[in-house]
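First up is the structure itself, then whatever we jot down about it.
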Amino acid sequence: MSVLFAASEIFPYAKTGGLADVAYSLPLALAKYTAVSRVMPLYDFMPFENFLFYDNFTITLDAEHYGITIYTKKEDGIVTYFVKAPYLSQTQHIYGDENGDYKNNALRFSIFCMAIIELGLRLNTKLIHLNDWHTALVALYIKEHSLNIKTVFTIHNLAYQGIFDKSYLRMLGIESQYFTMEGLEFYAKINLLKAGIAYSDAITTVSPSYAREILTEQFGCGLNGFLQIYKEKLTGILNGIDYEVFQPLQDRSQKKKAKSKFCKKFGFKKRERPLFVMVSRLVAQKGIDLLVASLQQLQEKNMNIFILGEGDKKYTRLLSKLAKKYENFSFYQGYDEALSHQTYLASDFLLMPSLFEPCGLNQFIAMNYASLPVVHEVGGLRDSVHETKAVCGRGITYTEQNQKEFMYAVQRALELYKQKKKMNEIINFNLSCDFSFDKSAKKYLQLYMSVL
Ligand code: ADP
């Protein structure tokens with residue numbers, strides 16, 4: 001079996017969030033059991049001097065021809081293919097800039113999808129693993145051309161669906177017969193995610209709880225009814241993290257030093273206080289509103305809070321303002337991989353008050369850095385962090401997304417911090433757990449075999 005794993009972002013080449021991490025670490029874990037290669041766009045902002053030319057060809061959408069060049073690079077034993085194409089590659093970011101999403105994203109990623117198929121045919125691939133809406137049209141094009149390639153489609157976050165004006169239909173080479181409720185139509189627009197749901201051979205999402213939640217109105221983002229039709233082919237497989245990138249902390253003395261240095265760097269006056277952090281995209285999903293609403297009360301507690309994040313302007317502005325106002329709160333705006341590692345290492349607790357969370361990776365990273373997650377019990381957080389059960393992944397959890405519950409969870413964390421012995425036991429237990437991708441890779445493998 002040979003699998004082609006397709007994603008719009010793969011760490012370390014291009015990353016905005018967890019998708020890139022998964023697209024890096026899942027194929028690595030799979031490679032122990034089966035032949036696997038990856039494909040992603042080659043964005044102009046990526047350094048590509050040491051990529052090798054692999055192939056070139058032309059793809060056609062609505063009688064328009066697009067010249068594609070494929071480059072490759074082998075790293076950690078895995079070959080990644082990079083698609084250089086008009087529009088797709090000619091951007092300085094992956095999806096958009098400060099003015100919002102790029103206007104031609106529908107075309108950019110449809111070209112990507114056609115290129116994935118052509119590459120798949122040239123590689124004689126029998127199975128393509130698709131990820132999120134950017135790759136979803138592959139499933140439709142395969143069906144349309146009756147190709148002998150199976151597809152597994154993973155939903156990393158149902159909130160992102162690739163919704164575009166109906167007028168794009170032709171440009172994307174999609175026959176109008178697909179513009180129905182059973183197909184891509186969504187409130188008179190095109191919904192590309194629906195192509196992955198309807199036409200793939202199997203659907204997965206990134207945790208068992210999220211797989212159940214997305215079938216409900218509360219978490220279904222308008223697609224719960226549509227997903228219900230396909231629920232027989234939907235499973236939830238929990239993500240993991242790469243143990244080369246995020247090794248469990250061996251030397252705990254490192255942590256103390258890192259915390260002291262970190263607190264000094266970010267201007268905390270009382271550096272011995274427990275340090276609560278967030279490392280996050282700043283979007284409503286991540287519960288920033290609840291955190292902001294609670295800051296006044298949190299300020300009265302014996303704790304420091306640090307946020308590393310980039311995202312919506314309304315949050316970056318607000319957090320910058322609040323960081324000036326509160327002595328125990330500091331905010332660093334930006335996307336910074338190295339600083340994220342320092343942040344996890346320095347922290348005592350990681351806050352994840354997410355409204356919804358398909359899986360979340362930060363909690364695994366934190367636990368490997370001897371930091372305890374404080375999470376809203378939802379989606380993948382429900383499956384990976386436990387307060388009362390002595391099973392792998394221990395932290396503080398709360399069930400209702402409101403200030404009272406959140407503050408009470410923080411209070412329990414603060415109490416735990418005072419009980420050094422108990423806290424250490426929990427941390428050591430987490431450090432002995434296996435949060436790697438290996439278990440999940442085996443589940444994906446079974447699924448691949450079931451569709452082939
Ligand atoms: P999502 O995909 O919704 O953003 P995940 O929890 O699945 O959330 O993955 C987030 C990943 O991105 C983690 O590896 C986290 O450490 C990283 N990350 C998020 N924001 C930043 C940031 N501002 N700087 C560095 N890394 C970040």
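For ligands, and for the atoms within them, numbers begin at 1 and follow the listed sequence.
- Ligand 1 lies out of reach of P358, whose nearest heavy atom is not under 4.0 Å from it.
- The only option from I163, I155, N191, N105 that meets the side chain to side chain contact (heavy atoms under 4.5 Å, CB included) definition with W133 turns out to be N105.
- With a 4.0 Å heavy-atom cut-off, ligand 1 is reached by the side chain of I365 but not by its N, CA, C or O.
- Taking any N or O of L361, backbone or side chain, at least one lies under 3.5 Å from an N or O belonging to ligand 1.
- For ligand 1, none of its N or O atoms has an N or O atom of E357 under 3.5 Å away.
- Taking the six-membered ring for Trp, F266 and F268 have ring centres at least 6.0 Å apart.
- Note that K189 lies outside the cation-pi zone of F164, set by a 6.0 Å cut-off to the ring centre and a 45° limit from the axis.
- Between D336 and ligand 1, an N or O atom pair is found at a separation short of 3.5 Å.
- Ranking the protein heavy atoms by distance from atom 22 (C) of ligand 1 puts Y335 CD1, 3.5 Å first.
- Residue H156 does not touch ligand 1, judged by heavy-atom distances below 4.0 Å.
- Near D21, the atoms of ligand 1 lying under 4.0 angstrom from a non-hydrogen atom of the residue are 11 (C), 13 (C), 14 (O).
- Aromatic rings from H376 and F406 are positioned such that their centres are separated by 6.0 Å or more.
- Nearest non-hydrogen protein atom to atom 23 (N) of ligand 1 is G334 O, 2.9 Å.
- The distance criterion of under 3.5 Å between nitrogen or oxygen atoms is not met by E337 with respect to ligand 1.
- Ligand 1 has no atom lying under 4.0 Å from any heavy atom of C359.
- Within the structure, ligand 1 lacks Q363 among the residues with a heavy atom less than 4.0 angstrom away.
- The number of heavy-atom neighbours closer than 6.0 Å to CD of E217, taken from other residues, nucleotides and ligands shown, is 12 or below.
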